[in-house]
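Input: a single structure, listed below in structure tokens.
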Number of protein chains: 2
Amino acid sequence: MTSRRHTSYDVAKLAGVSQSAVSRVFSPSGSASPEMRDKILRAAKKLNYKPNAIAQSLSYGRTRIIGMIITHFSNQIYPVPLNAVTGNLMESGESVLLQIAEPGALGDDAVQRLLRYRVDAIVCTSDLSKQAIAHCIAEKVPIVLVNRKSSSPHVDHVVSDNFESSQRVALGLASSGVVKTLFLKGPESNWVAQLRYKGYQKGCREAGMPRPLTADGQFTYEGGYETAMKYSDRIGEIDAIVSANDTMAIGAIDALVYEMGLSIPGDVRIVGHNDSPEARLKPYQLTTIRQPMDAMLKKATELALQRIENPDLPSTDIIMASELVLRKSAVW
Amino acid sequence: MTSRRHTSYDVAKLAGVSQSAVSRVFSPSGSASPEMRDKILRAAKKLNYKPNAIAQSLSYGRTRIIGMIITHFSNQIYPVPLNAVTGNLMESGESVLLQIAEPGALGDDAVQRLLRYRVDAIVCTSDLSKQAIAHCIAEKVPIVLVNRKSSSPHVDHVVSDNFESSQRVALGLASSGVVKTLFLKGPESNWVAQLRYKGYQKGCREAGMPRPLTADGQFTYEGGYETAMKYSDRIGEIDAIVSANDTMAIGAIDALVYEMGLSIPGDVRIVGHNDSPEARLKPYQLTTIRQPMDAMLKKATELALQRIENPDLPSTDIIMASELVLRKSAVW
DNA sequence: TGGCAAATTGCATCCGGATGCAAAATTAGG
DNA sequence: CCTAATTTTGCATCCGGATGCAATTTGCCA
């Protein structure tokens, strides 16, 4: 089989018509007579012709590609329901060009690469520099940040109510008699981690609880595990541990229950954030805050698609309500 | 700011040279005098010009994009270390166009979309029809299957030793005195699931164990959980449960330990496959088979890149050794 | 059946860079 | 200092489709 890639010219020649006719038959905006359409479609089928999306992009001025930047956490994939994104986009005929950013770092390189491919928009769950965002704006590429914040007025945001939900955790715990707590923080540089911490502090103040003890668990299992071990002698004074994500909470539980022989929620209550898959497992039954990541990403892609159509829309900030998932590890 | 997208023509005009000069300065193969290079780079910087990758693709005949098709499992992201792929590719200047296929279905649509974008190669962890593969071959797009098998001689494969590793599980269990076992199967249509089942059966035969009982858990937590519950009255006769993936094994453990009050490995031993993140958690400590998914994907992208350079290489089948991870749930 | 509007089709050009070829400029050698 | 070899640079064209415009055909109605 000597087949090379067939083009609209090949189809045109085979069907005995002009290239523009072929183009028109394959374009929703073009029209053609029934016989012509028929002739061309037959020829196209024979050659297994499909329009070259790259060439289309070049003349159409749109690639129908959405750039997506996600962070991966050390040895664990960032639990982004990617299918929420791609599923949503596939219906509108868009594809996803993926970039993965290191957890701490800025996704600036990723942005550059995406811009070079002239993606129609960028959905990003990673930190970006002001400059990177400025580039997107200058090139008029809409950008939607998911659970991140930028000060630029030209950027859409989709976030969950991180501050308020953590605040409510404090109030809830207080209502069940908890007084002394330990808060497991995420990385300083992480906006979400900070909000959850601040929100929890505020909640403690409002509830009349003392300032929580705090420790930095870097969002990792080991961070949670080791923090718990470090507090082993003082654990008696602590009524509850609140963790900025589930991974650290799971680590802490493993230390408390399986190393120190404590029982949960009997000796200590635990609350996490994110409702990750482990949280619902029988040995944990972790009370946690579920952010509707699925819906958030779906919304983010919708916003992106909207803004592609209508670039001058005022920028939108969407805050989606998290849901408290009360399981056995802490109840109120 | 009225900025539109700047092109090589804009840069050329600003620098007072021809467009081809600009192109040459930005192309590794092109050469230019130092002053020209300087003038152009200055102008380019002023306009923040970067070559349009789409336009480059069109004339270069390569997109520098790798298509990737992954499956997602119901409510859980397929645990593909995507960063293994993208990290590897980023170094060679390639990007990833992502498609997500439904678990059962064939990724044929995904292939079509990728072909329309003229990706340089496809890496796929999903099932594909013969026809889809034929299309790739006809269009001379290299395709690498990860943990799947096709009969086509033009396709590269990277798989783990699914059959042999499951076989070894049987021998290992037998050596520790296990006789009667239950095997938790994955979906019929899944090639990996089948191999693990067959391998385990073979191992049983070799070890002189009776044929294992079998149940279909569809690779899901619920599948494992419910199967275990169903066998609750006969669980006394069973020495060990072997599961074709960890998710089902975890489900089974939750049922056995937290519903039926059994102890592991005291009453039943459990073995899983995949070494998923949950497997190492304290309450499970699941003995499992770890396939080097990271290395497999890395190898797959390497193969793809190689074949892009040299399409006539004989096709390669790589089988990577899995590793037995002995934890508490079963020891030998 | 003539005449005009509407639909069909093809031609030419554009999208943004890459590159073969030839003209112009530089360098080297005698 | 002049010619030949070499480098630098620009012109023209190509990659594969989309589309405005004009030419051609078809259809409709009087």
Side-chain angles (χ1 to χ4, degrees), chain A residues 3-41 43-44 47-65 93 115-120 139-141, chain B residues 3-41 43-44 47-65 93 115-120 139-141:
Chain A
S3 86
R4 59 182 191 83
R5 229 90 133 197
H6 293 293
T7 71
S8 58
Y9 289 92
D10 300 326
V11 177
K13 199 177 346 166
L14 182 60
V17 299
S18 74
Q19 176 268 332
S20 37
V22 177
S23 172
R24 287 205 175 85
V25 166
F26 279 90
S27 153
S29 60
S31 67
S33 68
E35 316 102 71
M36 166 122 322
R37 164 171 250 89
D38 205 59
K39 246 194 310 189
I40 290 179
L41 286 180
L47 299 181
N48 192 30
Y49 166 80
K50 294 275 170 16
N52 179 330
I54 294 293
Q56 287 182 312
S57 302
L58 190 56
S59 64
Y60 185 50
R62 269 202 215 166
T63 49
R64 304 187 77 72
I65 296 178
L115 289 179
R116 296 223 317 123
Y117 276 99
R118 298 291 189 267
V119 295
D120 293 342
E139 301 205 5
K140 304 215 187 300
V141 175
Chain B
S3 86
R4 60 183 192 81
R5 231 90 132 195
H6 294 292
T7 72
S8 58
Y9 289 92
D10 300 326
V11 176
K13 202 178 341 167
L14 181 60
V17 299
S18 74
Q19 177 268 331
S20 37
V22 177
S23 172
R24 287 201 176 88
V25 166
F26 278 90
S27 152
S29 59
S31 66
S33 68
E35 315 101 72
M36 167 123 318
R37 165 171 248 89
D38 205 58
K39 247 194 312 189
I40 290 178
L41 286 179
L47 299 182
N48 193 29
Y49 166 81
K50 294 274 171 18
N52 179 330
I54 295 294
Q56 287 182 313
S57 302
L58 189 57
S59 64
Y60 185 51
R62 269 202 214 165
T63 49
R64 305 187 78 71
I65 296 178
L115 288 180
R116 295 222 319 122
Y117 276 98
R118 298 293 189 264
V119 294
D120 293 342
E139 302 206 3
K140 304 214 190 298
V141 175

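These numbers come from the heavy atoms of this one structure, side chains and all, not from hydrogens, waters or symmetry mates. Reminder, nothing fancy here: chain letters follow the sequence lines and each chain counts from 1.
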Inset, instruction - Respond yes when some side-chain nitrogen or oxygen of A:Ser8 is under 4.0 Å from OP1 or OP2 of D:dG16, and no when none is. - result: no
Inset, instruction - Kindly point out which of C:dC11, C:dA18, D:dC11 is positioned nearest to the side chain of B:Ser23? - result: C:dA18
Inset, instruction - Let me know, please, whether A:Glu35 or A:Gln19 comes out on the 5' side of the other along DNA chain C by nearest nucleotide. - result: A:Glu35
Inset, instruction - Calculate the interatomic distance between B:Arg118 atom CZ and D:dC15 atom P; express it in whole Å. - result: 14 Å
Inset, instruction - May I have the distance from A:Met36 (atom CE) to C:dT8 (atom P), rounded to whole angstrom? - result: 11 Å
Inset, instruction - May I ask you to decide if A:Ala53's main-chain N or O and A:Ser57's side chain share a donor-acceptor pair within less than 3.5 Å? - result: yes
Inset, instruction - State whether the side chain of B:Asp120 and the backbone N or O of B:Arg62 hold a donor-acceptor pair below 3.5 Å, judged by distance alone. - result: no
Legend entry - Nearest-Å distance for atom pair CG/C1', residues A:Asn52 and D:dA18: 13 Å
Inset, instruction - Measure the distance from CD on B:Gln56 to P on D:dC15 and round it to the nearest whole Å. - result: 18 Å
Inset, instruction - Please check if the side chain of A:Arg5 supplies one atom and the backbone of B:Glu139 the other of a donor-acceptor pair under 3.5 Å. - result: yes
Inset, instruction - Kindly indicate whether the side chain of A:Arg24 and the base of D:dG17 share any N or O donor-acceptor pair separated by less than 3.5 Å? - result: no
Legend entry - Contact under 4.0 Å: A:Ser33 side-chain N or O vs C:dT9 OP1/OP2: yes
Inset, instruction - Look at the side chain of A:Ser8 and the backbone N and O of A:Gln19, then say whether any donor-acceptor pair between them is shorter than 3.5 Å. - result: no
Inset, instruction - Using only side-chain N and O atoms of A:Tyr117, determine if any of them is under 4.0 Å from OP1 or OP2 of C:dG16. - result: no
Legend entry - Close side-chain approach of A:Val22 and A:Val17, heavy atoms under 4.5 Å: yes
Legend entry - Atom pair distance, as rounded to whole Å: NE2 in B:His6 and P in C:dG17: 12 Å
Inset, instruction - Select one nucleotide: of D:dG16, C:dG17, D:dG10, the one nearest the side-chain heavy atoms of A:Ser59. - result: D:dG16
Inset, instruction - Compare the minimum distances between each of C:dG16, D:dG16, C:dC21 and the side chain of B:Ala55, then state the nucleotide with the smallest one. - result: C:dG16
Inset, instruction - Among the candidates C:dT9, D:dC11, C:dA12, find the nucleotide nearest to the side-chain atoms of B:Ser18. - result: D:dC11
Inset, instruction - Please state whether the phosphate of C:dA18, meaning OP1 or OP2, lies under 4.0 angstrom from any side-chain nitrogen or oxygen of B:Ser20. - result: no
Legend entry - Among D:dT19, C:dT9, D:dG10, the nucleotide that comes nearest once only the side chain of B:Val17 is considered: D:dG10
Legend entry - Length of the line joining B:Tyr9:OH and D:dT13:P, which is rounded to integer Å: 13 Å
Legend entry - Proximal nucleotide (of C:dG17, C:dT19, D:dG17) relative to the A:Thr7 side chain: D:dG17
Legend entry - Between C1' of D:dC15 and CG of A:Leu58, the distance in whole Å: 9 Å
Inset, instruction - Kindly indicate whether the side chain of B:Arg116, heavy atoms from C-beta on, has any atom under 4.5 Å from the side chain of A:Asn52. - result: no
Inset, instruction - With heavy atoms under 4.0 Å as the rule, sort A:Ser57 into base, sugar-phosphate or nothing. - result: nothing
Legend entry - Nearest-angstrom distance from the residue atom CD of B:Glu139 to C1' of D:dG16: 14 Å
Inset, instruction - Considering just the side-chain nitrogens and oxygens of A:Tyr60, establish if one lies under 4.0 Å of OP1 or OP2 belonging to C:dG16. - result: no
